[in-house]
Amino acid sequence: MDFPTLRSRLLAWYDDARRDLPWRTPRGQAPDPYRVWLSEVMLQQTRVETVRPYYARWLERFPTVDALAAAPLDDVLKAWEGLGYYSRARNFHRAVQEVASRHGGRVPGEPDAFRALPGVGRYTAGAVMSIAFGREEPVVDGNVRRVFARWTDDPAPAEDALWPMAAALVPGERPGDVNQAVMELGATVCTPRSPRCGECPVRGLCAAYAAGTQNERPAPKKARPLPHEDTAVPVIHRGGEVLLVRRPVRARLGGMWGFPQAIRHPGESASAAAERAAAEGLDLAVRAGAPVASVDHTFTHVRATYHAVRCTVVWGEPRAVRYDEVAWVPWERIGGYALPVAQKRIAALAALHPTGPHPLA
DNA sequence: GAAGCGTGGCC
DNA sequence: TGGCCAAGCTT
């Protein structure tokens with residue numbers, strides 16, 4: 001491949017076509033490494049338009065490394081609420097605390113030191129080192145993977161081939177812009193479906209374009225069928241309050257708040273499973289009352305149906321047996337807790353129901 | 001190396 | 001509606 005020609009055409013195109021994004025500073029202005037890093041973490045597996053409002057709110061709330069390092073995890077997760085992949089927020093928080101305590105509050109500009117921080121993988125390290133520090137480090141993300149698959153007309157390029165190719169492009173002036181140019185091309189021109197080859201500055205060097213195979217590159221990977229989880233959710237009332245739990249950090253949605261839950265056994269009713277969820281997860285005896293609602297939610301690798309059931313306490317005080325924390329929360333203060341999307345939906349539906357004890361309880 | 005991890009948009 | 005996909009990382 002003619003890397004020098006690719007490089008110069010990409011840079012020239014990027015100078016003209018690059019989108020104006022909040023984390024991009026004007027040419028010549030030094031970027032803030034904390035902001036570049038934040039943007040890269042938020043953009044992992046997440047679209048630009050989704051990230052925009054989160055990025056702006058985050059910087060108002062946590063404008064600097066020191067501000068974020070000093071914040072409690074619950075505040076951090078609340079700011080991340082709805083963005084998904086919550087381990088990103090936990091890892092970023094931990095990493096920034098390390099930067100504050102061990103690097104004097106300065107984001108390390110050495111690739112090895114930065115790469116050692118939690119949540120920083122090969123891609124993120126290359127992106128932050130090149131964009132924020134001008135280091136000649138490559139990146140391979142989904143865009144780069146697709147662009148190279150088409151340039152080489154390879155249906156499934158190996159990682160061992162992609163990184164050397166990406167690295168061959170970087171040396172020279174403006175390594176951060178070179179990396180961003182490939183990704184920008186992938187995001188706006190060399191798109192997964194209906195690539196705009198007519199607007200591509202490097203179609204003359206593209207093997208897939210020459211062969212007319214751009215729509216079959218890269219080859220789609222086969223998805224596994226999603227398992228289904230039929231889940232009971234006890235919405236436990238006491239006085240004017242409802243019981244929330246904080247999920248263990250290791251688990252799915254780790255560190256986030258929500259309602260207790262238990263996967264239904266075959267043949268088990270939602271009411272029985274809701275009572276069992278309280279018994280096993282909280283060491284608490286509850287009586288199931290009226291069903292509140294059913295909510296379907298699809299995660300990356302599992303489809304869940306949540307059967308929310310109103311419950312009242314029969315006996316005992318809740319203990320966080322299978323959770324990290326429990327809290328009795330007045331309905332009007334639920335908004336202060338970081339809830340994943342499905343739990344928020346359950347809370348909204350449950351709040352529509354009368355909040356006193358069930359008449360038959 | 002494969003599986004686990006969120007959510008929303010698009011066709 | 002349902003499958004696919006998006007600036008990946010960890011175990």
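Both backbone and side-chain heavy atoms feed into the values below; hydrogens, waters and symmetry mates do not. In what follows, chains are A, B, ... by sequence order, proteins preceding strands, each numbered from 1.
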**Student:** Check nucleotides 9-11 of chain C against the protein and report each pair of N or O atoms closer than 3.5 Å, with its distance, or say if there are none.
**Tutor:**
unit_1, atom_1, unit_2, atom_2, d
C:dC9, OP1, A:G121, N, 3.0
C:dC9, OP1, A:T124, N, 3.0
C:dC9, OP1, A:T124, OG1, 2.7
C:dT10, OP1, A:G119, N, 2.5

**Student:** Is it the case that the side chains of A:E136 and A:S130 hold a donor-acceptor pair, with the cut-off being a distance below 3.5 Å and no angle test?
**Tutor:** no

**Student:** So what does the secondary structure string of DNA chain B come out as, 5' to 3', with Watson-Crick or wobble pairs under 3.5 angstrom, [ ] for crossing and | for pairs with another strand?
**Tutor:** .||||.|||||

**Student:** Take atom P in C:dC4 and the same atom in B:dA3, then report the distance between them in whole Å.
**Tutor:** 15 Å

**Student:** What is the separation between atom CZ on A:R252 and atom P on B:dG6, rounded to the nearest whole Å?
**Tutor:** 8 Å

**Student:** Does A:Y323 reach the main-chain N or O of A:R319 with its side chain, forming a donor-acceptor pair under 3.5 Å?
**Tutor:** no

**Student:** With a 4.0 Å cut-off, would you call A:R135 and A:E110 a salt bridge?
**Tutor:**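 Looking at A:R135 and A:E110, the cut-off is met.
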
**Student:** Under the 6.0 Å and 45° cation-pi test, does A:R247 pair with A:W257?
**Tutor:** no

**Student:** Just to be sure I understand the rule, does A:R90 reach a base, reach only the sugar-phosphate, or reach nothing, if contact means heavy atoms closer than 4.0 Å?
**Tutor:** nothing

**Student:** Take atom CG of A:L226 and atom P of C:dG2, then tell me their distance rounded to the nearest Å.
**Tutor:** 11 Å

**Student:** Could you give the distance separating B:dG4 and C:dA7 at their P atoms, to the nearest angstrom?
**Tutor:**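 Result for the P pair: 24 Å, nearest Å.
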
**Student:** With a 3.5 Å cut-off and no angle check, do the side chains of A:Y123 and A:E40 form a donor-acceptor pair?
**Tutor:**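 Distance-only check passes for A:Y123 and A:E40.
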
**Student:** CD of A:E229 versus P of B:dG4: gap in Å, rounded?
**Tutor:**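 Atom-to-atom, A:E229 to B:dG4, this comes out as 11 Å.
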
**Student:** Please list all pairs meeting salt bridge (charged side-chain N to carboxylate O under 4.0 Å, His left out) that have one or both residues in residues 53-71 of chain A, counting only residues at least two apart or in different chains.
**Tutor:** A:R61-A:D75

**Student:** Scan nucleotides 7-9 of chain B against the protein and return all N/O pairs shorter than 3.5 Å with their distances rounded to 0.1 Å.
**Tutor:**
unit_1, atom_1, unit_2, atom_2, d
B:dT7, OP1, A:Y86, OH, 2.8
B:dT7, OP1, A:V341, N, 2.9
B:dT7, OP2, A:H297, NE2, 2.9
B:dG8, N2, A:R47, NE, 3.3
B:dG8, N2, A:R47, NH2, 3.2

**Student:** Hydrophobic cluster membership, with links at side-chain heavy-atom distances under 4.5 Å among I/L/V/M/F/W/Y: are A:L244 and A:Y306 in one?
**Tutor:**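 Hydrophobic grouping puts A:L244 with A:Y306.
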
**Student:** Whether A:R252 engages the ring of A:F299 as a cation-pi pair (distance to the six-membered ring centre under 6.0 angstrom, angle to the ring normal within 45°) should be assessed.
**Tutor:**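 The answer is yes, since A:R252 meets both limits relative to A:F299.
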
**Student:** Answer with yes or no whether the side chains of A:Q214 and A:R203 bring together a donor and an acceptor at under 3.5 Å.
**Tutor:**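 On atom types as modelled, these side chains do not qualify, holding no pair under 3.5 Å.
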
**Student:** Could you state the CG-C1' distance from A:N215 to C:dC5, rounded to the nearest angstrom?
**Tutor:** 16 Å

**Student:** Can you see whether A:H237 engages A:T312 through a side-chain donor-acceptor pair at a distance of less than 3.5 angstrom?
**Tutor:**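 No - no donor-acceptor pair under 3.5 Å links their side chains.
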
**Student:** Out of curiosity, A:L38 CG to A:D32 CG, how far, rounded to the nearest 0.5 Å?
**Tutor:** 9.5 Å

**Student:** Describe, in one word, how the ring planes of A:F92 and A:W37 are oriented to each other, choosing from parallel (under 30°), tilted (30 to 60°) and perpendicular (over 60°).
**Tutor:** perpendicular

**Student:** On a whole-Å scale, what distance lies between the P atoms belonging to B:dG8 and C:dT1?
**Tutor:**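 Each nucleotide's P atom is 16 Å from the other's.
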
**Student:** Base, sugar-phosphate, or nothing for A:A127, non-hydrogen atoms under 4.0 angstrom?
**Tutor:** nothing

**Student:** Regarding A:L21, tell me which of base, sugar-phosphate or nothing describes its non-hydrogen contacts under 4.0 Å with the strands shown.
**Tutor:** base

**Student:** If we count only N and O atoms by modelled type, under 3.5 Å, do the side chains of A:N91 and A:R88 hold a donor and an acceptor together?
**Tutor:** no

**Student:** Nearest whole angstrom, please: distance from the C1' of C:dG3 to the NZ of A:K221.
**Tutor:**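 For the pair A:K221 NZ and C:dG3 C1', the rounded distance is 14 Å.
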
**Student:** Should A:R276 and A:E280 count as an ion pair when the cut-off is N to O under 4.0 Å?
**Tutor:** yes

**Student:** Heavy atoms within less than 4.0 Å of DNA chain B: which residues of residues 3-18 of chain A have one? Give them sorted by number.
**Tutor:** none

**Student:** Which residues within residues 139-172 of chain A lie with some heavy atom under 4.0 Å of an atom in DNA chain C?
**Tutor:** A:D141, A:G142, A:N143, A:R146

**Student:** Whole-Å distance between C:dG8 C1' and A:F92 CZ?
**Tutor:** 15 Å

**Student:** Can you check whether A:G84's main-chain N or O pairs, donor with acceptor, with A:W80's side chain at less than 3.5 Å?
**Tutor:**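 Yes, A:W80 side chain to A:G84 backbone: donor-acceptor pair under 3.5 Å.
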
**Student:** Can a donor-acceptor pair be found between the side chains of A:H228 and A:T305 at a distance below 3.5 Å?
**Tutor:** yes

**Student:** Within the structure provided, determine whether A:Y54 and A:M42 are in side-chain contact (heavy-atom separation under 4.5 Å).
**Tutor:** yes

**Student:** Closest approach to the side chain of A:R224, judged atom by atom: which nucleotide of B:dA3, C:dA6, C:dG3 is it?
**Tutor:**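 When the side chain of A:R224 is considered, B:dA3 is the closest of B:dA3, C:dA6, C:dG3.
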
**Student:** Classify the nucleic acid contact of A:W80 as base, sugar-phosphate or nothing, counting any heavy atom under 4.0 Å across all strands shown.
**Tutor:** nothing

**Student:** Atom CG of A:L43 to atom C1' of C:dA7: distance rounded to whole Å?
**Tutor:** 5 Å

**Student:** Just to be sure I understand the rule, does A:R52 reach a base, reach only the sugar-phosphate, or reach nothing, if contact means heavy atoms closer than 4.0 Å?
**Tutor:** nothing

